Enquirer: 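Take this structure, written in structure tokens, and hold onto it; I'll ask about it next.
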2 protein chains.
Amino acid sequence: MTENGLGHREKVLNMNTMNPNVKRVEYAVRGPIVQRAVQIEKELKEGVKKPFSEVIKANIGDAHAMGQKPITFFRQVVALCAYPDLLEDNKFPDDAKNRARRILQSCGGGSLGAYSASTGIEVIRQDVARYIEKRDGGIPSNPDNIYLSTGASDAIVTMLKLLTSGEGKTRSGVMISIPQYPLYSAALAELAAVQISYYLDEDKCWGLDVSELRRAVEAAREHCKPRALCIINPGNPTGQVQSRQCIEDVIRFAAEERLFLMADEVYQDNVYAEGCQFHSFKKVLFEMGPEYSNTVELASFHSTSKCYMGECGFRGGYMEVINMDPQVKLQLTKLVSVRLCPPIPGQVLLDLVVGTHLTWTPRERTANLEILAEKAKLTEQIFNTVSGIRCNPVQGAMYTFPRLTLPEKAIAAAKEKGQAPDMFYCMKLLEETGICLVPGSGFGQRDGTHHFRMTILPATEKLKIVLENIRAFHKRFTEEFS
Amino acid sequence: MTENGLGHREKVLNMNTMNPNVKRVEYAVRGPIVQRAVQIEKELKEGVKKPFSEVIKANIGDAHAMGQKPITFFRQVVALCAYPDLLEDNKFPDDAKNRARRILQSCGGGSLGAYSASTGIEVIRQDVARYIEKRDGGIPSNPDNIYLSTGASDAIVTMLKLLTSGEGKTRSGVMISIPQYPLYSAALAELAAVQISYYLDEDKCWGLDVSELRRAVEAAREHCKPRALCIINPGNPTGQVQSRQCIEDVIRFAAEERLFLMADEVYQDNVYAEGCQFHSFKKVLFEMGPEYSNTVELASFHSTSKCYMGECGFRGGYMEVINMDPQVKLQLTKLVSVRLCPPIPGQVLLDLVVGTHLTWTPRERTANLEILAEKAKLTEQIFNTVSGIRCNPVQGAMYTFPRLTLPEKAIAAAKEKGQAPDMFYCMKLLEETGICLVPGSGFGQRDGTHHFRMTILPATEKLKIVLENIRAFHKRFTEEFS
Ligand SMILES: Cc1ncc(COP(=O)(O)O)c(C=O)c1O
Ligand SMILES: Cc1ncc(COP(=O)(O)O)c(C=O)c1O
């Protein structure tokens, strides 16, 4: 068909015609370094000789992939719901059966295979509301404010989408921390919303200072319309836990500056450091009295993926919206209805996570959290023995984001390769040790500083080896480039 | 805090500041009529007297909600994967256990709770490719071209997003059929892409005519840049099945007009009418020879939600891309990685659906499809006995989209209420009979024509009653407004 010219022509969809916003999206957690890690795994399988025998993926907060076991009760209920013939099986405890029956009764046709309401199964939204009330010491939560989602990711992107409007200098600006979880920058790029960066203070244990928020918003007003402020607490990638005072300050700031608050609280159970405690934005907002609790608009997010259960694969999550304009809420409900509904198995898992009547033994929960706390401490301790690595306490979440001192020659070598210095470092670490981390440049950091993010999820004995290997690598690296 | 003016001010996020594209989104399948149906259900529960005892939701293709049972083998495997202790249970057949073991081995940490690769679990993508090869008589399918998704909805929106660029007269235009499945119009509204409507020919059994495609694309070139052509086959809401010849014509048209083809084939097993057969766009494309198969860009979509299994709640799906620019493919992979991965239970279900080594008895599959075929015929027959309702054969999918002749006075009464005439009709039907349909105006139709969409999913005996009730209602309605 060269005759009619179909032969060698350009693609209809090519780099020039595709969505330019998508081109600007970056997502380092699954970026080039992870792709190389997957390649190396294949090479190992094919028998290629390496100085290590396995790739250790400490790049993503994926607990089960690192060997954490699911909560038995949760999985019993999921199995019962998926295959209700098991309700006749006396191997399953009665409380699991009761829970499964209750869920199935609220599913269309009594099956996990029916779509639910777009905001999620009503009974589960009620359970979520009760969980929030209990968590927040009785502050009421209305199931009509709960939207179930496909992981927290889905709800976060949906809220950012709602918040995006205007053109040029009136384009919506959204404040996000640096370092940040790159879902935020990616979603803002896709939406062509303006990213307003505020820096966390590494010297104050990645604390958040309102004067920095103010600096950032004032600078941004010159070129966009700031509309929202996103907070991740406990922090990813930085592992800090915000104090109650800090949250109050942030809420006051949002009220003064007229910003919609987005509180990403997916790590709400992951608090390890002594003296630290999780405070939900919702609770603090309501404790500040009606002048705040009746006005400040807040969306907060939770997920089945983290905490003690780590059920990432089910993609369960919810968001609670507070003080949202009722007409906008209708628009939100309409918008989520286009995608029909979040996956039902994920909704079921969420129902189990928020189950207020804890019938399952919380032994597994406690054990998982204790192990994480131990690994948080271990990580900090070992890294801080390495000269050239400086690491804040891992107060919460599942990550450490240590600062690297890199030799000038290494920085020059990276530049030559067109790589960020910490990308160069992490790539070399991967090739030499099989350890897969994410360079700090993927999360944002102050110019001239270098970091990596590592999860604390490898099993304790393996984590020790990982930390020792990084220590040894760092020494070699520093010597090589000195 | 009235002092500092926080008291009575506007919301930050309100109808003026929210995303204007979201405001333009419409999604009738879950629109006002469905909301009213939910309300009526609550009223019935509260004991409010109605001329009917239950609401029958024939508004959405949700088989399990209407009583269809899941395929036993599928649910056994899901239960085994969710709770692997059951692998020791001799109540489960060996082939289910083997299947579950194979899936778990390809999950991170051997758990459904781990994230997968963003494009989906590799083994499952391989299984999908083999399924496509078998379906298409051996035409090769490359697992690297397969992207698993959260239902077909997710993949469709992602492709439309990639295809959207430009401003003003260079803005991407996307051709969609009228009537259409409103996911398409909703996604285009959200993306601010230009919808190019082409009309299906009701008098030719909702057939697609290339001259109509040409008319539509030529008119559209005046105000946008046409880039893609979407086809739903078998059709929703119209139930037609495209002939091989028609598909060839469409492919030739797409090649000539330089359009990216999107083939929505989620109903590929739902073909009932004699003489009709499902032909995949992929297969026809390859049979047309290399001048087409090497050039025409195609994405085709499938889902766990429809066909014989109807597993909507699991939100499993995939898309296969053909002839996609390799650089754009990298961009696509990057884009889907931001949301991490599709839900694993949905991926598992998909793996079972595409399972080429059919170890489970296909008895359940055959039975489900036979019942649907019977109901398709029944629906057409009964509706065509009603004067004022005219109905094309339900050749495939799960819907009928009959044309209504409405009295002038009814149209005037609707106008007075500010409603589309068929919305007025469906609302009255709901209030009087409890039957929930979707007005044709929610899918698009030629001006001055009126339709509704009804699923054929209610159980046969119930469907008969539904059809009789609609027949009686239509008579009453016509008399009332004559
Ligand atoms: C801060 C934060 N928010 C949201 C998410 C998204 O999690 P999911 O979509 O699995 O719920 C993550 C995942 O790592 C995260 O770290
Ligand atoms: C034509 C068509 N495409 C896509 C979908 C989306 O289905 P799902 O997202 O459940 O796979 C539907 C659902 O009804 C449909 O009818």
Side-chain angles (χ1 to χ4, degrees), chain A residues 1 6 11-15 17-20 22 25 27 30 62 64-65 67 70 75-76 78-79 82-83 108-109 111-115 118 150 153 161-165 183 186 227 255 258 260 291 295 297 310-315 325 327-328 331 334-335 337-340 343-346, chain B residues 1 6 11-15 17-20 22 25 27 30 62 64-65 67 70 75-76 78-79 82-83 108-109 111-115 118 150 153 161-165 183 186 227 255 258 260 291 295 297 310-315 325 327-328 331 334-335 337-340 343-346:
Chain A
M1 194 169 279
L6 288 183
K11 299 284 182 190
V12 174
L13 179 61
N14 59 44
M15 292 301 279
T17 62
M18 72 170 278
N19 188 328
V22 171
V25 166
Y27 191 71
R30 299 206 152 180
D62 191 355
H64 290 205
R75 294 306 195 87
Q76 287 175 330
V78 173
Y83 188 50
S111 169
L112 292 193
Y115 293 123
S118 303
T150 306
S153 306
K161 188 183 291 168
L162 266 189
L163 281 157
T164 300
S165 66
L183 169 66
R227 290 225 188 272
R258 294 187 50 60
F260 190 106
E291 61 273 53
T295 58
E297 293 149 74
E311 292 279 13
C312 306
F314 280 81
R315 312 309 317 269
D325 181 319
Q327 282 188 286
V328 174
Q331 295 286 326
K334 179 191 71 179
L335 179 63
S337 78
V338 175
R339 303 277 190 112
L340 297 167
I344 309 297
Chain B
M1 193 170 278
L6 289 182
K11 299 283 182 190
V12 175
L13 179 61
N14 59 45
M15 291 301 279
T17 61
M18 72 170 278
N19 188 326
V22 171
V25 166
Y27 191 71
R30 298 206 152 181
D62 191 356
H64 290 205
R75 294 306 195 86
Q76 287 174 332
V78 172
Y83 187 50
S111 169
L112 293 193
Y115 293 122
S118 304
T150 307
S153 306
K161 188 182 291 169
L162 265 190
L163 282 157
T164 300
S165 66
L183 169 65
R227 291 228 188 269
R258 296 191 45 61
F260 190 107
E291 60 273 52
T295 58
E297 293 150 74
E311 292 278 13
C312 307
F314 279 82
R315 313 310 315 273
D325 180 320
Q327 281 188 287
V328 174
Q331 295 287 326
K334 178 191 71 178
L335 180 63
S337 78
V338 175
R339 303 277 190 112
L340 299 167
I344 309 298

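Heavy atoms only: backbone and side chains are in, while hydrogens, waters and symmetry mates are out. Chain letters run A, B, ... following the sequence lines, proteins first and then strands; every chain starts at 1. All values derive from a computational prediction rather than experimental measurement.
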Enquirer: Sequence neighbours excluded, which residues qualify as ring-ring contact (aromatic ring centres under 6.0 Å, His included) partners of B:F260?
Expert: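 With sequence neighbours excluded, B:F260 shows a ring-ring contact (aromatic ring centres under 6.0 Å, His included) to no residue whatsoever.
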Enquirer: Tell me which of these, A:G346, A:G310, A:S118, has more heavy-atom pairs under 4.5 Å with chain B than the rest.
Expert: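 Sorted descending by pairs with chain B, the first entry is A:S118.
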Enquirer: Output the option from B:V78, B:L183, B:L162 having the highest count of non-hydrogen pairs under 4.5 Å with chain A.
Expert: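 If we count pairs closer than 4.5 Å to chain A, B:L162 comes out on top.
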Enquirer: Determine the minimum heavy-atom distance between A:A114 and B:C312, stating which atoms define it.
Expert: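 Smallest interatomic distance, heavy atoms only, reads C-CB, 4.4 Å.
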Enquirer: Between B:L335 and chain A, which part of the residue has a heavy atom less than 4.5 Å away: side chain, backbone, both or neither?
Expert: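 Side chain only.
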Enquirer: Where do B:F314 and A:L112 land on the side chain to side chain contact (heavy atoms under 4.5 Å, CB included) test, with the steps shown first?
Expert: CA-CA 7 Å; B:F314 279 82; A:L112 292 193; 3.9 Å; yes
Enquirer: Identify the two heavy atoms, one from A:V25 and one from B:K334, that lie closest to each other, and give their separation to 0.1 Å.
Expert: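 Heavy atoms of A:V25 and B:K334 come nearest at O-NZ, 2.8 Å.
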Enquirer: Out of A:L163, A:T164, A:T150, A:D62, return the one with the most heavy atom pairs under 4.5 angstrom to chain B.
Expert: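 Between A:L163, A:T164, A:T150, A:D62, the count favours A:D62.
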Enquirer: Got a second to check how far A:Y115's OH is from B:R315's CZ, nearest 0.5 Å?
Expert: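 Between A:Y115 OH and B:R315 CZ, I get 5.5 Å after rounding to 0.5 Å.
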Enquirer: Just so I understand: if I count every heavy-atom pair under 4.5 Å between each of B:Q327, B:H64, B:R227, B:M18 and chain A, which residue has the most?
Expert: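 When all of B:Q327, B:H64, B:R227, B:M18 are compared, B:H64 has the most.
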Enquirer: Where does B:T17 contact chain A at under 4.5 Å (heavy atoms): side chain, backbone, both or neither?
Expert: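 Its backbone and side chain both get close to chain A.
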Enquirer: Kindly compute the distance separating CE (B:M15) from CG (A:D325), expressed to the nearest 0.5 Å.
Expert: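 If we round to the nearest 0.5 Å, B:M15:CE and A:D325:CG are 7.5 Å apart.
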Enquirer: With chain B as the partner, which of A:G113, A:P343, A:G108 has the greatest number of non-hydrogen pairs under 4.5 Å?
Expert: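 Most heavy-atom pairs within the cutoff with chain B belong to A:G113.
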Enquirer: Highest number of heavy-atom pairs under 4.5 Å with chain A: which of B:S337, B:P20, B:S153?
Expert: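 Of the candidates given, the most pairs with chain A belong to B:S337.
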Enquirer: Examine whether an atom of B:E297 lies under 4.5 Å from a heavy atom of chain A, and if so say whether it belongs to the side chain, the backbone or both; otherwise answer neither.
Expert: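 Looking at B:E297, just its side chain touches chain A.
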Enquirer: Among all residues two or more places apart in sequence or in another chain, which pass the salt bridge (charged side-chain N to carboxylate O under 4.0 Å, His left out) test with B:R75?
Expert: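 Only B:E311 meet the salt bridge (charged side-chain N to carboxylate O under 4.0 Å, His left out) criterion with B:R75.
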